[in-house]
Amino acid sequence: MALEHILSPMKVGNKTYRNRIVSAPMAFGLIVQQPENRDFTYRKLEFPAEGGNGCVIVGETDVNFVDAVRIPGFRKFDFGKPEEDMETFNAVAEYATRIKKHGCIALAEIVHPGREKVPFGPDEEAIGPNEETNGAGCKVRAMTKDDMDRIANDFAKAATYMQKAGFDGILVHGGHGFLFTQYLSPLINKRTDEYGGSLENRARFPLQICKAIREAVGPDFLFELRIDGTDHQPNGITPDETGQFIQWAEQYLTSVHITCGIYEESVKSGTESSMFHEHGLNIEPAAIVKKYTKLPVGCVGGLNSPEQVDKAIADGKIDFGIFGRQMLADPQFANKCKAGEPERIRRCLRCYKCFPGSPEEGYDDLPFNSEQLAVYVGHCTINPLAHLPFDPNSLAPAGKQAKVLVIGGGPAGMQAAVTAADRGHKVTLVDKSDKLGGLLWFTDVDVDKPDLRNFKNMLINEVKIRDIDVKLNTEVTADFIKEFGADAIVMATGSVPACPPIDGIENAIQAMDMYAGAPVGKKVVMIGGGLVGCEAGLHLQKTGHEVTVVEMLDRVANESYGMYREALMWEMEKNNMKALPKTKCLKIEKDGVTIENADGVQKLEADTVIFALGMKSANYDALKEAAGATPVFVVGDAIKPGKVDQATRTGYLAAVSIESEDKTHVDDVKAF
């Protein structure tokens, strides 16, 4: 049977996982203290359980509110006395109820960030193995033995709290530079007492925590540990050392989750891998750890392929796969595997839409603060159902079958067509090109876009397997609209490149023309250092060209932020790609570009000059006028040039608004 290994049951402790598909911790556990944020947070965790997962894990809950809490704004309480805040207890217990009712194992993650904490008030502090200043500039106090005893007890109380709340077990986050890593890594742990030096000493406090938890919850409660196979730092912990630690901790644990990296360098060290990392970057370290223990060993890290995980299980490298962002991209992942339809999975792009980084990690360009981030986490570029303000399962059926005309076969148009067809409408999708995909056709060429290409192809397939009338090589005109007689029109007409009045612009080619096969010489100057310019330039740099990006703003890729921008900048740097921010293009000639910046006016020689100076919505005024009184829903780049997330979300919202009794979703489209 296909995917027989990943779909086979697995014994963990005294429980049986129905398959080897585990949803990594998502959402901040205590966000449900806020009534207005409960519904979409519960859905975020319940959907993968409903989607067939073997196990779903609720995201991090800090074990105390003094030196462990990572996000401000949560109501403080004593984990040892749940009766003192039954509202919080019942809200947390609801997670377990919703997950378990679908036959899925429910775990809750508990964590202490150690030195990574940022104090949010005078009664809070950061503590860790050493006295130091952390990456956020906060003073860290070295932990005493009393601190260690107290925190081990905090972990035990938090675990017992989750046990009382109805969870099947807990996952302790011991990786990513949090407390366990800080003690276990010889690079981080500088102590000279019995808690530093040898691995046996460095493991002493983490083992104390493990022992305290097991004694508190008894023998039958699941206790899983997320731990770094490597922290990806020179002279840091190795997979063999981690394996030895797991061997010592084995008596307390029921399974092991191998991750990597440190929080201060999330992108570079792979804690949240980028599109530039290999998929499954922790499979090989996990295989080494697995040699040291009889416990089930799984790994997280850039997994979006059931085929890759199935093979790793078959090869004996891991026992199960842990999928984080992938479960936001497609919570029906497991069910699609069981149905023998893995090609229908929306496979995660690792674009950081769901978690772009946090202020505590040093990202000062985020459009929200820590409290807002806790609510924001869980959006998705390719899954329009993620983080919706309403439950998609509660939508009333369409009032009647409508004859729907979708104009444009890009991601917005395809998503609208698919959703409208699923709601019972008769859909015709028209595009003037000879193929579906819209601007995403460039992914067939770009070396860094295999996952986005997969998404494009998946959407095309979703259109094909439905009763959707697709008309290619067909341009929609005013007469076409009048003759068609639609009950509703989705305007997914997209965008076209902007061409500003730069002297000599006729000597340059547009970035999309480069993807289409326009000849490009060895030395390239890219005018425009936004995302398109940087990513197109990086593609060229990786395929044998020498690229210099010229950008007027203070920084390149300015419309991006957080971890995605860091990943892109780091990749450009690794590939020796040049960028000139704060630089104005004065003139383009056949052999180069005249620029002006702080160094004065100079000429950059080039064999080819390319421009990526933005996009503008294609004009659809005549089409809208021809529609007359027919409802028109404008989606994707036709609203304003944007990213794929805007395309999928507005396409979905438009489709569910057609012949809908609930007109609030029409407003959602307009307000996007």
Side-chain angles (χ1 to χ4, degrees), residues 24-34 37 41 45 57-82 84-85 88-89 91-93 95 107-128 134 136 138 140-141 143 147-148 150-165 167 170-183 205-206 209-210 212-213 216 223-227 259 262-264 266 271 355 358-361 369-375 377:
M26 288 189 291
F28 292 93
L30 294 183
I31 197 71
V32 291
Q33 282 187 335
Q34 304 163 4
N37 294 320
T41 302
L45 279 298
I57 309 172
V58 177
E60 63 184 72
T61 298
D62 307 304
V63 298
N64 69 47
F65 296 95
V66 178
D67 45 48
V69 62
R70 287 215 304 134
I71 299 292
F74 295 137
R75 189 166 66 249
K76 298 181 179 182
F77 62 92
D78 186 343
F79 283 101
K81 301 175 181 178
E84 293 184 356
D85 187 349
T88 294
F89 180 79
V92 171
Y95 281 124
L107 303 182
E109 182 184 52
I110 57 177
V111 61
H112 192 300
R115 71 170 189 168
E116 299 294 346
K117 170 161 177 59
V118 174
F120 300 113
D123 58 340
E124 298 182 16
E125 65 174 339
I127 61 175
N134 66 20
C138 301
V140 180
R141 178 173 64 81
M143 293 173 66
D147 290 321
M148 295 181 206
R150 171 178 58 84
I151 289 172
N153 186 52
D154 287 341
F155 270 96
K157 287 197 300 181
T160 304
Y161 183 92
M162 297 305 178
Q163 187 177 38
K164 292 176 180 177
F167 287 91
I170 50 99
L171 172 75
V172 168
H173 195 337
H176 297 181
F178 290 161
L179 198 57
F180 275 51
T181 310
Q182 290 164 30
Y183 272 85
F205 178 44
I209 294 173
C210 292
I213 291 172
F223 175 7
E224 310 196 7
L225 177 65
R226 172 182 275 204
I227 193 76
T259 183
I262 61 170
Y263 186 64
E264 288 182 336
S266 289
T271 64
F355 182 73
S358 70
E360 288 73 45
E361 290 174 287
N369 59 32
S370 296
E371 291 182 66
Q372 292 167 331
L373 172 69
V375 176
V377 168

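Quick note: residue numbers are just sequence positions, from 1.
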[X] [atom1] to [Y] [atom2] distance, which is reported to the nearest 0.5 Å:
| X | Y | atom1 | atom2 | answer |
| --- | --- | --- | --- | --- |
| Ile262 | Phe178 | CD1 | CZ | 11.0 Å |
| Phe180 | Leu225 | CZ | CG | 5.5 Å |
| Leu179 | Ile127 | CG | CD1 | 7.5 Å |
| Arg75 | Gln34 | CZ | CD | 9.5 Å |
| Arg226 | Ile57 | CZ | CD1 | 7.0 Å |
| Leu30 | Asn37 | CG | CG | 12.5 Å |

Hey, does [Y] have a side-chain heavy atom less than 4.5 Å from the side chain of [X]?
| X | Y | answer |
| --- | --- | --- |
| Lys157 | Asp78 | yes |
| His112 | Val172 | no |
| Leu373 | Phe355 | yes |
| Phe79 | Ile110 | no |
| Phe74 | Ile31 | yes |
| Val118 | Phe120 | yes |

Side chain of [X], backbone of [Y]: donor and acceptor closer than 3.5 Å?
| X | Y | value |
| --- | --- | --- |
| Asp154 | Val63 | no |
| Lys117 | Val69 | yes |
| Tyr95 | Gly29 | yes |
| Gln182 | Gly128 | no |

### Task
Using a cut-off of 6.0 Å, state whether more than 12 heavy atoms not belonging to Lys76 lie near its atom NZ.
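Enclosed.
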
Looking at every heavy atom in both [X] and [Y], which two are closest together, and how far apart are they?
| X | Y | value |
| --- | --- | --- |
| Thr181 | Gly174 | OG1-O, 2.9 Å |
| Val58 | Pro25 | O-CB, 4.1 Å |
| Glu264 | Asn134 | OE2-C, 3.9 Å |
| Glu371 | Pro72 | CG-O, 3.3 Å |
| Ala27 | Leu45 | CB-CD2, 3.9 Å |
| Tyr183 | Met143 | OH-SD, 3.5 Å |

### Sidechain N-carboxylate O distance under 4.0 Å for Asp67, Arg141
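Not counted as a salt bridge, because no side-chain N and carboxylate O are separated by less than 4.0 Å.
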
### Message
Checking Glu60 now: which residues fulfil side chain to side chain donor-acceptor pair (under 3.5 Å) with it, not counting sequence neighbours?
### Response
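Per chain and number, Glu60 pairs via side chain to side chain donor-acceptor pair (under 3.5 Å) with Arg70.
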
### Message
Given Tyr161, which partner from the list Phe167, Phe77, Phe155 fulfils the ring-ring contact (aromatic ring centres under 6.0 Å, His included) test?
### Response
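Single ring-ring contact (aromatic ring centres under 6.0 Å, His included) partner of Tyr161 among Phe167, Phe77, Phe155: Phe77.
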
### Task
For Ser266, enumerate each residue passing the side-chain contact (heavy atoms from CB on, under 4.5 Å) test, keeping only those at least two apart in sequence or located in another chain.
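side-chain contact (heavy atoms from CB on, under 4.5 Å) check on Ser266 returns Tyr263, Thr271, Glu272, Glu361, Met563.
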
### Query
Asp123 and Val66: side chain to side chain contact (heavy atoms under 4.5 Å, CB included), yes or no, with the steps?
CA-CA 7 Å; Asp123 58 340; Val66 178; over 6 Å; no

